Every structure is written in structure tokens, then in C-alpha cells.
Amino acid sequence: MPAIRLPDGSTRRFEEPVTGAALAAAIGPGLARAAVAMTVSGKLVDLSSVIDADSDVRFVTRDDPEALALIRHDAAHVLAEAVQSLYPGTQVTIGPAIENGFYYDFAREPPFSPEDFPPIEEKMRAIVAAKEPFDREVWEREKAIRFFEEKGEKYKAEIIRDLPESETITLYRQGGWVDLCRGPHMRTTGDVGTAFKLMRTAGAYWRGDHRNPMLSRIYGTAWRNQKELEAYLVMLAEAERRDHRRLGREMDLFHLQDEAVGSVFWHPLGWRLYRTVESYMRRRLDAAGYQEVRTPQLVDRSLWEKSGHWEKFGAHMFTAQVEDEDRTLALKPMNCPCHVQIFTQRVRSYRELPLRLAEFGSCHRYEPSGALHGIMRVRAFTQDDAHIFCTEEQIGAETIRFMALLSTIYRDLGFPEFAVKFADRPPVRAGADETWDRAEAALREACAEAGVTYVLNPGEGAFYGPKLEFVLKDAIGREWQCGTLQVDFVLPERLDAEYVAEDGRWRRPVMLHRAILGSFERFLGILIEQYAGRLPLWLAPLQAAVATIVSDADAYAAEVGRACAEAGLNVEVDSRNEKINAKVRDWSLRHVPAMLVVGRREAEAGTVALRRLGAAEQEVLPMAEAIARLAAEATPPDLRRSGPQTSACA
RNA sequence: GCCGACGUAGCUCAGCGGUAGAGCAACUGAUUCGUAAUCAGUAGGUCCUCGGUUCAAAUCCGAGCGUCGGCACCA
């Protein structure tokens with residue numbers, strides 16, 4: 001005799017166990033029509049589930065935000081049914097709901113191509129129109145395995161075999177089609193609605209393991225209604241417009257070409273942006289007690305063997321041989337071992353700790369061809385790297401310092417929000433388990449001390465230590481790790497770093513590997529996308545254009561240009577024989593943040609018409625005032641904080 | 001690296017066995033104009049590369065390289 005409490009605080013009692021559908025009907029016909037699932041004591045379940053104990057029940061309607069995951073999961077089932085009816089012999093595997101949509105992995109030769117989408121979508125719409133009820137069935141394990149094996153569904157059989165013994169095996173039937181699934185599902189395939197679209201195909205390894213066969217994945221997007229679907233497609237189109245690869249070309253920042261795959265050709269404006277960020281970082285590091293160093297590009301492989309990198313990453317390192325000498329040099333893929341060499345050059349005292357060695361370290365890695373992505377994943381890049389040599393007791397304080405530095409830098413650069421992940425020991429690693437226990441505990445405690453909240457990223461640590469990952473998103477929401485903080489007890493051991501402790505004994509320092517931007521290349525890519533190219537004045541490589549309306553103003557425009565340059569602003573004078581409309585359009589398309597428009601009136605009055613990017617209005621100001629205003633705005637945020645400022649140079 | 005799609009002028013793209021095209025950009029000329037495209041003209045291409053089929057290949061076939069979307073990888 002269950003007593004069911006509803007969200008409005010009321011309680012309903014039943015003599016017998018009831019299904020969700022019956023409960024909804026008892027409450028009212030409107031709810032019975034609208035409800036597609038329910039939560040029982042917080043757990044999302046089918047409406048057909050039987051409630052047999054006292055519980056809190058809340059109905060989920062198709063308009064609720066949480067219905068999106070159901071719509072997407074159900075859409076994946078509809079896709080699988082459609083595919084199997086159109087392409088007999090195709091095996092099904094898994095098909096979850098994901099952000100913005102769903103996918104389903106099929107085993108089929110040849111793989112699906114986008115040309116297959118129209119018939120599949122048509123079939124899916126027919127299945128939705130048929131409103132096939134989702135029926136949940138509990139099966140006996142061996143029977144389920146036999147059932148799928150007899151159908152030739154070896155992947156499904158394998159999934160069931162690998163499920164823990166305690167797991168209830170449930171199958172969902174929709175019309176004549178049946179799939180292994182944990183559920184829950186909505187009432188019928190009709191609840192999926194029609195606001196879905198197949199997006200793209202992709203190869204994906206079975207169970208995410210590259211040693212397994214590759215399956216054919218179909219991605220789709222699904223929404224509650226057509227309006228949401230269209231809004232999503234519009235958002236994708238807009239994201240394409242702020243793709244850093246496109247903006248890099250439009251703003252003339254950089255290019256890539258086949259002769260130097262994975263390496264960036266920085267153009268004058270792109271390099272200016274790079275230098276602005278680099279100068280800013282250098283000031284911040286100087287102020288934070290780091291000492292900048294510079295270490296070699298080519299280092300004998302023996303050092304990488306000692307550090308353990310050769311064994312783990314040797315195949316991904318660029319090497320060089322010289323004819324006269326019998327040795328192999330490697331282009332450094334990272335800076336850590338080099339920084340340890342500086343540490344170990346002389347006897348170090350505990351008094352020197354924490355010793356913070358920083359380097360804008362140019363690194364090369366032979367990244368797999370498929371991993372390359374614009375300037376965000378490249379083979380030649382520069383890390384804003386630093387290694388903090390410290391005692392175990394200093395880890396907490398250093399973490400707090402680092403978090404403070406990182407947060408203000410991210411905020412200054414336009415990222416007030418960022419995600420933190422805690423990546424713990426990977427399956428293949430260096431160092432004893434006790435060392436890992438200590439390292440992970442130290443990092444966890446440091447996070448607690450620093451007040452850092454994170455999500456766990458299990459098994460994703462570096463091979464020498466656990467790490468925090470600071471994650472930023474690109475224009476279409478893909479996540480990129482930028483900053484990192486890694487606790488390393490292993491490399492100091494391998495490279496024999498020691499210091500003399502207070503008691504006169506030799507001790508091993510701990511190494512904290514840390515980066516904030518990660519690499520300049522990746523960070524600048526994300527920065528460009530974050531601002532959609534409309535960089536704030538202090539970052540914008542070209543800060544203003546001085547544009548003439550008539551050629552009589554040419555001389556005055558040149559004068560304005562000189563005055564801007566004297567104020568430290570990078571401007572371009574546009575005296576082309578074009579209409580002002582065309583000039584406004586051209587500079588706007590290049591995302592130049594300000595325009596100083598001068599016509600006959602301004603030339604006579606010694607004023608400029610200041611127009612900000614995208615603004616409908618302009619403001620006529622005395623030249624000196626307009627320039628002073630822009631120069632103040634062009635002052636980097638750290639210099640603005642540090643008091644009265646004379647130089648506007650970035 | 002794996003699966004798929006794609007590679008034609010600086011950019012966006014058309015052409016898909018029979019003499020390489022358009023718009024924008026560039027250049028020249030005219031126009032001097034008040035806040036997102038003034039008009040006219042000129043020039044610009046080993047159709048990614050290499051091989052093959054064919055009387056004939058941008059077009060068909062094969063290999064390679066690269067890009068894009070995923071997967072795997074990411075010290």
C-alpha cells in the first residue's frame with residue numbers, strides 16, 4: 001500500500017502497487033497525456049514502472065529539460081531500428097544520448113556515408129509516426145546471450161557477458177524491433193517527435209580501444225521542437241564564423257601549409273597578438289616569483305632515456321643525427337628534464353626552495369596526423385612552462401599561489417569561468433604505488449587548501465604523476481586542456497635531483513610541473529574563438545583604423561596616425577579612394593576594434609569621429625582626447641591594476 | 001594511426017570525359033562621397049602530387065600528400 005508524495009507536497013495512497021501511467025491518470029487526464037517518464041525517489045524510470053513502496057514521485061513531461069536526454073536516447077533506438085530494417089545484416093552495438101544529440105555505433109561493411117541519411121531519416125520518421133510503444137522486458141542472462149548470438153549480434157552478446165552478475169538484463173521492444181537497453185524510455189517512439197536530424201558519420205573503435213574493430217557511427221541531433229532544432233543549427237553556423245582557422249585568415253593572423261604540417265606561420269598581426277600575450281605572461285611570472293630560463297632545442301637521447309620519455313614517447317619525438325658523431329639528438333618534446341639539469345648544476349639548499357624555473361619553451365612532438373587541428377593541436381608549439389622545485393610540505397602553499405595566478409590570468413584574458421579536472425594514476429606509469437598514493441594525496445590536500453573544486457578524470461594523469469587540468473572550450477563547445485598542475489615525485493628521482501635539507505641531509509625535491517596557457521598556439525586559438533575575433537583593445541593586434549572621407553583630409557589623417565603611434569597604439573591609416581561605407585565595412589570585417597573617421601569637418605576642427613566596432617553611433621572628440629581614451633583602454637589589465645601608468649605599450 | 005568526406009584563382013564556390021568559369025579580393029582608370037560593398041576595365045589557374053585508362057582527363061581508376069569531422073593518442 002504505497003504512499004506517494006508528489007512535488008506539490010500532497011500524498012496519495014493506493015491499495016495496490018500502481019504504474020506511473022496509472023498514477024498520472026489518477027491525478028488528471030492532462031498529466032496523463034503530458035507525462036513521458038517519472039522520477040521515483042530521485043531515479044528516472046519508465047512510466048510503466050510499478051511503484052510498490054512509499055516514495056516521492058515527480059513526472060517528467062516532454063517539455064521538461066530532462067526530457068531532452070530521453071528524446072535523444074529514444075531517437076538512437078529509432079535510428080537503430082531504421083538502419084536494421086533498411087540494411088539487414090548490420091549489427092547494433094551502443095547508442096547513447098550525448099550533448100545536443102545522440103549517436104549509434106553499427107558494425108557494417110562498408111561503413112555508412114551521409115548519402116545514406118535521406119532514406120534512414122525517412123524511415124525514422126515513419127517509425128516515429130507509427131508510435132510504437134516501448135515495452136520493457138526482463139530477461140534471463142543466458143537466454144539473452146543466446147538470443148543475440150542467434151541473431152548474429154555478437155557485440156550485444158558480448159556486452160551482456162561483460163555485465164556484472166548483479167545487473168538485471170532488460171530488453172526494450174518497439175514494434176517488431178528489440179534492443180538490449182538499461183532504459184528508461186518514453187512511452188512510444190512517437191514521443192521522439194520530428195525535431196531531429198542526422199548530422200555526420202564517423203569511425204569509432206569498439207569499446208574505445210584502437211586494437212578493436214572500427215565501427216560505423218552515425219551522429220544525430222534531436223530536440224523537443226523544430227524551433228530548438230533550428231536554433232541549434234543556427235548556433236552551429238555562427239560557431240563556424242568564429243572558428244579560429246577562418247578568423248586567422250580573415251584577420252591575417254597566421255597560416256598553415258603542407259610544407260610544415262602542424263607548424264604555424266605567424267603573420268605580423270598574429271605575431272603581435274602572440275607577443276602581447278607573451279609580454280603579459282612574462283610580467284605576471286616575474287611578479288609571481290618565477291625565474292625565466294632558456295634551454296636547448298636539441299638534446300641527446302640519453303637524457304630522454306633517463307627521464308623515461310624515450311621509452312614512453314620515443315616514437316613521437318623528432319630526432320636528428322649528425323654524420324660526424326655517433327649520437328642521436330631529439331628535438332625537445334617538453335622542458336622538464338632540461339629544467340632539472342639547471343637545478344642539478346650545483347648543490348642546492350633548502351633555502352632556495354621553492355625554486356620556480358619558467359620557460360616559454362619551444363617544443364616539438366610528432367603528433368598523430370589525425371590529431372592535428374588548426375593551431376590548437378600542432379607539432380611545433382611553445383609552452384608557458386614552469387617547474388617548481390619544492391618540499392612536500394610546500395605543495396599546498398604553491399598550489400594556492402598557482403591557483404591565484406591562474407585565475408587572475410584567465411580572468412584578464414577573458415575566461416572568468418573554467419573547468420578543473422583531477423586526473424589520477426594512469427594504467428601505464430612510472431613510480432611505485434606508494435609514491436602515487438603520496439602524490440595523489442598531496443594534490444588532493446592542496447586542492448582542499450586552495451579551495452579548488454574539480455571533477456575526477458580517472459586514469460588520465462601523466463605517467464609520472466597526477467595532475468589538475470584546466471579546461472577551456474572552443475567555439476562549438478569542444479573542450480581543450482590548457483593549464484595544468486602536476487605533482488611529480490618520479491622525475492627528481494630518475495634525474496637525481498637533490499638538495500641539502502635543514503638537517504644537513506640530502507633530500508629529493510618534489511617537482512610541480514605547471515602551465516597556464518598550456519601552449520601559446522592552442523591558447524591563442526581559443527582566445528580568438530572566445531572573442532569571435534573581436535578582441536579587447538589591449539589584445540587587438542591592430543587597434544584602430546584612421547579612415548578618411550575625402551582626400552582633403554589625407555594629411556590630417558596621417559597626423560592622427562602619427563599621434564596614435566606616439567601613444568603606443570597600433571593603427572593603420574586608410575586613405576584609399578573608397579567611400580566611407582566601404583571602409584567601415586572592410587575594417588569591421590577585419591574586427592578592428594575602433595575607427596577614427598576624419599572628414600573635412602574633423603580636419604578643420606582637429607577632431608575625430610570615434611566609432612567602435614559594431615556600434616551604430618559615433619562620437620566626435622578632440623583628437624587628443626580620443627587617443628588618450630583608446631590608450632587608456634589599451635593598457636594591459638595587470639598594468640592598469642598596478643597604479644598610474646605612463647606607457648600604453650603592451 | 002584508424003573510418004569517412006573533401007582538395008579547381010588570395011577567398012567562397014560552379015563545372016564532373018571534348019578550348020578552365022563566376023562573385024568577392026588584387027591591379028588600372030573614373031568618381032571626392034559622412035559610418036557595413038561607387039562604377040568601368042585589366043590581370044590572375046601544372047584544376048593537390050605521381051601513375052594509369054582513353055583519340056582526349058579538372059572530370060574515370062590507383063597510390064601518395066594535405067585538410068575537415070569523428071575515433072584513438074595527447075609527456
Side-chain angles (χ1 to χ4, degrees), chain A residues 103 105 109-116 199-219 240 243 245-246 249-250 252 255-259 261-262 304 307-317 332-337 363 365-374 377 383 385 426 429-430 460-465 467 469 476 478 480-481 484 486 488 491 513 518-519 522 547-554 575 577-589 595 597-602 609-618 620:
Chain A
Y103 68 79
D105 284 348
E109 281 302 326
F112 291 106
S113 94
E115 286 171 19
D116 302 319
M199 300 297 281
R200 57 178 55 97
T201 59
Y205 296 107
W206 166 235
R207 299 203 148 163
D209 189 328
H210 68 275
R211 291 164 300 194
N212 287 340
M214 183 153 267
L215 305 170
S216 178
R217 177 174 295 181
I218 295 178
Y219 280 99
E240 200 178 311
D243 187 304
R245 292 164 294 198
R246 179 183 176 130
R249 187 180 58 240
E250 289 174 356
D252 196 14
H255 84 269
L256 298 155
Q257 69 182 54
D258 293 1
E259 287 77 1
V261 173
W304 308 108
S307 70
H309 290 99
W310 188 265
E311 191 195 349
K312 188 147 191 341
F313 295 108
H316 297 279
M317 286 163 74
K332 73 172 168 186
M334 28 107 75
N335 311 294
C336 345
C363 297
R365 295 178 185 174
Y366 183 67
E367 300 285 11
S369 55
L372 300 176
H373 180 95
R377 186 88 182 265
Q383 297 178 320
D385 202 4
R429 57 183 178 263
E460 294 294 322
F463 76 90
Y464 48 71
K467 62 179 183 179
E469 302 173 333
I476 60 171
R478 285 178 292 213
W480 295 87
Q481 183 199 308
T484 185
Q486 309 171 1
D488 180 4
L491 262 194
H513 306 240
S519 86
R522 174 174 298 182
T548 54
I549 293 171
V550 290
S551 52
D552 286 352
D554 285 0
S575 313
N577 180 7
E578 288 290 350
K579 289 187 160 184
I580 191 61
N581 298 41
K583 295 186 184 183
V584 167
R585 179 178 150 84
D586 288 349
W587 295 109
S588 300
L589 287 175
M595 283 190 77
V597 178
V598 293
R600 210 168 271 128
R601 294 202 295 266
E602 288 77 11
L610 177 60
R611 181 190 200 277
R612 302 306 301 250
L613 176 59
E617 301 292 312
Q618 51 275 336
V620 179

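Letters go in sequence order (proteins before strands), and every chain restarts at 1. The structure presented is a predicted model; accordingly, all values stated were derived computationally and were not measured.
Using a 4.5 Å heavy-atom cutoff, the side chains of A:Glu367 and A:Leu372 are in contact.
Regarding A:Met214, its CE atom lies at a distance of 7 Å from the P atom of B:C3, rounded to whole Å. A:Gln257 places its CD atom 14 Å from the P atom of B:C68, with the value rounded to the nearest Å. Put simply, CG on A:Leu589 is 12 Å from P on B:A36, counting in whole angstrom units. For the pair A:Asn212 CG and B:A72 P, the computed distance is 11 Å after rounding to whole Å. In this structure, the CD atom of A:Glu250 is 9 Å from the P atom of B:U12, given to the nearest Å. Distance NZ (A:Lys467) to C1' (B:C74): 7 Å, rounded to an integer number of Å. As rounded to whole Å, 9 Å separates atom P of B:A36 from atom CD1 of A:Ile580. If you take CG of A:Asp105 and P of B:C71, they are 10 Å apart, rounded to a whole angstrom.
Nucleotide B:C13 forms a pair with B:G21, judged by Watson-Crick or G-U wobble geometry with both contacts under 3.5 Å. With a cut-off of 3.5 Å on both pairing distances, the Watson-Crick or G-U wobble partner of B:C39 is B:G29. Remark: B:C6 base-pairs with B:G66; criterion is Watson-Crick or G-U wobble with both hydrogen-bond distances under 3.5 Å. Applying the Watson-Crick and G-U wobble criteria (two distances, each under 3.5 Å), B:A57 pairs with nothing in any strand. Pairing of B:G34, defined by two Watson-Crick or G-U wobble distances under 3.5 Å, is not identified with any nucleotide. Figure legend. B:G44 is base-paired to no nucleotide; pairs are counted as Watson-Crick or G-U wobble with both atom distances under 3.5 Å. Searching all strands for a Watson-Crick or G-U wobble partner of B:C71 with both distances below 3.5 Å returns B:G1.
Of the two residues contacting RNA chain B, namely A:Val550 and A:Ala616, the nearest-nucleotide position lying further toward the 5' end is that of A:Val550.
On the C1' atoms, B:U46 is 25 Å away from B:C68, given to the nearest whole Å. For B:G45 and B:A72, the P atoms lie 45 Å apart once the distance is rounded to whole Å. If you take atom P in B:G10 and the same atom in B:G44, they sit 12 Å apart, rounded to whole Å. Of the C1' atoms belonging to B:C16 and B:C47, the separation is 12 Å, rounded to the nearest Å. Comparing B:G7 with B:U12, their C1' atoms sit 14 Å apart, to the nearest whole Å. Comparing B:U49 with B:A26, their P atoms are spaced 27 Å from each other, to the whole Å. Nucleotides B:A20 and B:A57 are separated by 13 Å at their C1' atoms, to the nearest Å. Across B:C27 and B:G66, the matching C1' atoms stand 31 Å from one another, rounded to whole Å.
Expressed to the nearest 0.5 Å, how far CG of A:Asn581 lies from CG of A:Asp586 amounts to 11.0 Å.
Contact detail for A:Cys336 and A:Leu491: the closest heavy-atom pair is CB-CD1, 3.8 Å. Between A:Arg377 and A:Arg522, the closest heavy-atom pair is CD-NH2, 3.5 Å.
For A:Tyr205 against B:G70, a side-chain-to-base donor-acceptor contact under 3.5 Å is absent. The base of B:C2 has none of its N or O atoms less than 3.5 Å from a complementary donor or acceptor on the side chain of A:Arg211. Contact of A:Glu602 with B:G34 (side chain to base): a donor-acceptor pair of N or O atoms is detected under 3.5 Å. Taking only distance into account, the side chain of A:Arg245 never meets the base of B:C68 through a donor-acceptor pair shorter than 3.5 Å.
A:Gly461 comes within 4.0 angstrom of nothing in the nucleic acid, heavy atoms only. Within 4.0 Å (heavy atoms only), A:Arg246 reaches no atom of the nucleic acid at all. A:Gly308 comes within contact range of no nucleotide atom at all, as no heavy-atom separation falls under 4.0 Å. Using a 4.0 Å heavy-atom criterion, one finds that A:Arg200 contacts the sugar-phosphate atoms exclusively. Heavy atoms of A:Pro333 sit under 4.0 angstrom from at least one base atom. Residue contacts for A:Lys332: at a heavy-atom cut-off of 4.0 Å it reaches no nucleic acid atom on any strand shown.
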So which protein N/O to nucleotides 37-43 of chain B N/O distances come out below 3.5 Å?
residue	atom	partner	partner atom	Å
B:A37	N9	A:Arg585	NE	3.3
B:A37	N7	A:Arg585	NE	3.3
B:A37	N7	A:Arg585	NH1	3.1
B:A37	N7	A:Arg585	NH2	3.3
B:A37	N6	A:Arg585	NH2	2.6
B:A37	N1	A:Arg585	NH2	3.0

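Taking only side-chain nitrogens and oxygens, A:Arg600 comes nearer than 4.0 Å to OP1 or OP2 of B:C33. In this model, the phosphate group of B:G69 is not approached by any side-chain N or O of A:Arg217 to a distance below 4.0 Å at OP1 or OP2. Between A:Arg377 and the phosphate of B:C73, there is no side-chain N or O to OP1/OP2 separation shorter than 4.0 Å. One finds no side-chain N or O of A:Ser113 lying less than 4.0 angstrom from the OP1 or OP2 phosphate oxygen of B:A5. Between A:His373 and B:C74, a side-chain N or O to OP1/OP2 separation shorter than 4.0 Å is absent. At the phosphate of B:C73, neither OP1 nor OP2 sits under 4.0 Å from any side-chain N or O atom of A:Arg365.
Under the ring pair (Phe, Tyr, Trp, His ring centres under 6.0 Å) criterion, A:Trp587 pairs with no residue, sequence neighbours left out.
Of the candidates B:U67, B:G34, B:A36, the closest approach to any side-chain atom of A:Leu372 belongs to B:U67.
Around CD of A:Gln257, the count of heavy atoms belonging to other residues, nucleotides or ligands within 6.0 Å exceeds 12.
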task: Please report the C-alpha distance between A:Glu469 and A:Gln481 in whole Å, then the side-chain angles of each, then the deciding distance to 0.1 Å, and finally whether the side chain to side chain contact (heavy atoms under 4.5 Å, CB included) criterion is met.
output: CA-CA 6 Å; A:Glu469 302 173 333; A:Gln481 183 199 308; 3.3 Å; yes
List the steps and the verdict of side chain to side chain contact (heavy atoms under 4.5 Å, CB included) for A:Lys312 and A:Tyr464.
CA-CA 11 Å; A:Lys312 188 147 191 341; A:Tyr464 48 71; over 6 Å; no
Practice item. Step by step, work out the side-chain hydrogen bond (donor to acceptor under 3.5 Å, both in side chains) result for A:His309 and A:Glu311. Key: CA-CA 5 Å; A:His309 290 99; A:Glu311 191 195 349; over 6 Å; no
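Cation-pi geometry between A:Arg217 and A:Tyr103 is met: the NZ or CZ atom falls under 6.0 Å from the ring centre, inside 45° of the normal.
The residues A:Asp243 and A:Arg245 are annotated as salt-bridged, a charged nitrogen and a carboxylate oxygen being separated by less than 4.0 angstrom.
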